[in-house]
Amino acid sequence: MSGLIHKARSGGIFCCLVFFVFGMTSLYLRYLTSFIPTHNLPVASEGKLRQNINLDNTLNFGARPGVPTYTSWKAPIIWEGMFDPNLYDQRHIQLQSSVALTVFAVGRYLDAYLKNFLTSAEQHFMLGLPVTYYVFTDLPEKLPNIELAPQRSLKVIQVEKHSRWQDISMMRMKTISETIESEIRHSANYVFCFDVDQEFKGRFGSEALGDSVALLHAHFYKLPKHRFTYDRNPKSKAFMKTGDFYYHAAIFGGLWEKVKNMVDACYLSIIEDKLNDVEALWHDESHLNKYFWLHKPSKLLSPEYCWDQSIADKRDINITRLIWAPKHYDTLRTP
């Protein structure tokens, strides 16, 4: 018996020594890494970000009891008060996250909206991170002169002007895919796609970054599902009987790989509809809703991130980060 006790004590001492050495080694490695400058870190992928810290685990889902803060598949819905902006910004800066913003300013939309969109983006969009604006226009010579902050740049890509605004809206999916493949994938982690007839009013920051990001439509987020304006035509690839939410195509984004998959799928569905002489009810937005029904987004942005000021009930909106610009469809959409 005494021999067994002696062996047990010896084994216990050995285990303690192992844990002690392992612990000291870990502390020493952490000490050494504290001297590594963060500006020398490689550009982060979403996988590397998760290895360091899953920022969405820091969200306070109980901060907004009056609104849904997560989905049935546990994706967060981002509202003011749920997140620590400094924590998100510091981690994304440390990991050198970078963002590409795409926006189409075709025809009269360029004069009407682009300058205000870009100027306000410089004040509020992803501040502290490298941002490249990709402006798609048929009138590159008319681009406004915008003063950009350090680490921010602008690229102009000339596109064809289609005779119908619906075609401009739908064909942007193809153009975004081609630009991701030729340029964006080599220089940015994330892509955000915007409509131009909007204006930034408050922080639109790194808390919005994620694998695949969808936006709750301001006019539908409180309505029952039977009132969502999905495409109900069974002949269309965008056809939906039901869904989770109604998403607004004015903003969508995510990792460049995810966004490319998204726009490729929508473009193929649009082309198939065209071959069958079908057009979805709300064009690319209908196809985007179908995509997010089949491929759930990993993060949802609340209507704070794209608010229509004509909506009377603003009780849920503690801050407006982006607003709809005044619409002048009668003049902007005429040939």
Side-chain angles (χ1 to χ4, degrees), residues 42-50 55-56 75 78 88-89 92-93 95-105 114 117-118 121-122 124-137 148 151-157 159 168-196 198 200 204-215 247-268 270 284-285 287-289 291-292 295-301 305-306 321-322:
V43 175
S45 66
E46 187 71 7
K48 288 182 180 178
L49 176 62
R50 285 179 178 151
L55 290 167
D56 291 345
I78 305 299
Y88 272 84
D89 288 348
H92 279 285
I93 290 171
L95 294 170
Q96 295 191 331
S97 297
S98 53
V99 184
L101 182 157
T102 72
V103 64
F104 285 70
L114 183 60
F117 176 86
L118 292 174
E122 277 297 282
H124 301 292
F125 181 71
M126 301 293 168
L127 300 186
L129 297 182
V131 172
T132 302
Y133 301 103
Y134 288 85
V135 178
F136 301 91
T137 182
L148 301 177
Q151 289 192 301
R152 298 168 84 91
S153 59
L154 187 149
K155 292 189 177 184
V156 182
I157 298 176
V159 294
I168 296 171
S169 176
M170 291 189 290
M171 296 308 288
R172 69 171 174 158
M173 296 296 187
K174 177 176 182 286
T175 307
I176 291 170
S177 175
E178 292 172 346
T179 306
I180 290 174
E181 182 62 33
S182 63
E183 295 198 31
I184 292 173
R185 66 190 296 265
H186 304 292
S187 59
N189 306 111
Y190 299 94
V191 186
F192 263 87
C193 307
F194 284 83
D195 284 352
V196 71
Q198 307 179 99
F200 291 90
F204 197 118
S206 59
E207 73 283 351
L209 298 176
D211 276 16
S212 63
V213 182
L215 168 72
Y247 302 113
H248 195 176
I251 303 170
F252 57 92
L255 290 170
W256 71 259
E257 302 98 317
K258 298 289 187 179
V259 176
K260 190 172 190 311
N261 291 340
M262 197 185 304
V263 295
D264 282 346
C266 289
Y267 175 66
L268 289 175
I270 290 167
D284 58 338
E285 185 167 275
H287 289 281
L288 190 67
N289 269 273
Y291 182 86
F292 281 136
H295 309 274
K296 310 298 188 192
S298 65
K299 179 174 287 187
L300 278 63
L301 302 181
Y305 287 83
C306 189
R321 305 179 186 280
L322 185 79

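For the single chain, residues carry numbers from 1 onward in sequence order.
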- Item | Residues D284 and K174 bridged, charged N to O under 4.0 Å | no
Side chain to side chain, [X] and [Y], heavy atoms closer than 4.5 Å:
X	Y	answer
I251	L322	yes
P297	Y247	yes
L288	M262	yes
V259	F192	no
V135	L114	yes
S98	V131	no
V213	L300	no
T132	L101	no

Which atom names give the shortest non-hydrogen contact between [X] and [Y], and what distance separates them?
X	Y	value
L215	C306	CD2-CB, 3.4 Å
S97	H92	OG-ND1, 2.8 Å
A75	S298	CB-O, 3.4 Å
V263	S177	CG2-CB, 3.7 Å
A188	V99	CB-C, 4.2 Å
G128	Q151	O-OE1, 4.1 Å

For [X] and [Y], indicate whether the former's side chain and the latter's backbone hold a donor-acceptor pair under 3.5 Å.
X	Y	answer
K299	L209	yes
Y134	I157	no
E285	A249	yes
T137	A105	yes

State which residues pass side chain to side chain donor-acceptor pair (under 3.5 Å) with [X]; sequence neighbours excluded, sorted by chain then number.
X	answer
Q198	none
D89	R203, S206
T102	none
E181	none

- Item | Contacts of type ring-ring contact (aromatic ring centres under 6.0 Å, His included), residue F117, not counting sequence neighbours | F194, F200
- Quick one: list whatever passes ring-ring contact (aromatic ring centres under 6.0 Å, His included) with H124, sequence neighbours left out.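 So H124 forms no ring-ring contact (aromatic ring centres under 6.0 Å, His included) with any residue.
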- Query: Distance only, no hydrogens: is a donor on one side chain within 3.5 Å (strictly under) of an acceptor on the other, for Y133 and E122?
  - Reply: yes
Gap between atom [atom2] of [Y] and atom [atom1] of [X] - 0.5 Å precision:
X	Y	atom1	atom2	result
H248	N289	NE2	CG	10.0 Å
S212	F252	OG	CZ	12.0 Å
L154	L118	CG	CG	6.0 Å
Y291	C266	OH	SG	8.0 Å
Y88	L55	OH	CG	5.5 Å
N189	Q96	CG	CD	9.5 Å

Partner set under side-chain contact (heavy atoms from CB on, under 4.5 Å) for [X], not counting sequence neighbours:
X	result
L268	none
L127	R152
T175	F104, F136, V159, T179

- Message: Working note: K296 + D211, criterion salt bridge (charged side-chain N to carboxylate O under 4.0 Å, His left out); need CA distance, chi angles, decisive distance, verdict.
- Response: CA-CA 11 Å; K296 310 298 188 192; D211 276 16; over 6 Å; no
- Pairs meeting criterion salt bridge (Lys or Arg N to Asp or Glu O under 4.0 Å) with involvement of residues 252-268, two or more places apart: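 Residue pairs with at least one partner in residues 252-268: K260-D264.
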- Item | Check: Y305 ring centroid to F204 ring centroid under 6.0 Å | yes
- Message: Set out, in order, the CA-CA distance, both residues' side-chain angles and the distance that settles side-chain contact (heavy atoms from CB on, under 4.5 Å) for V103 and D195, then state yes or no.
- Response: CA-CA 6 Å; V103 64; D195 284 352; over 6 Å; no
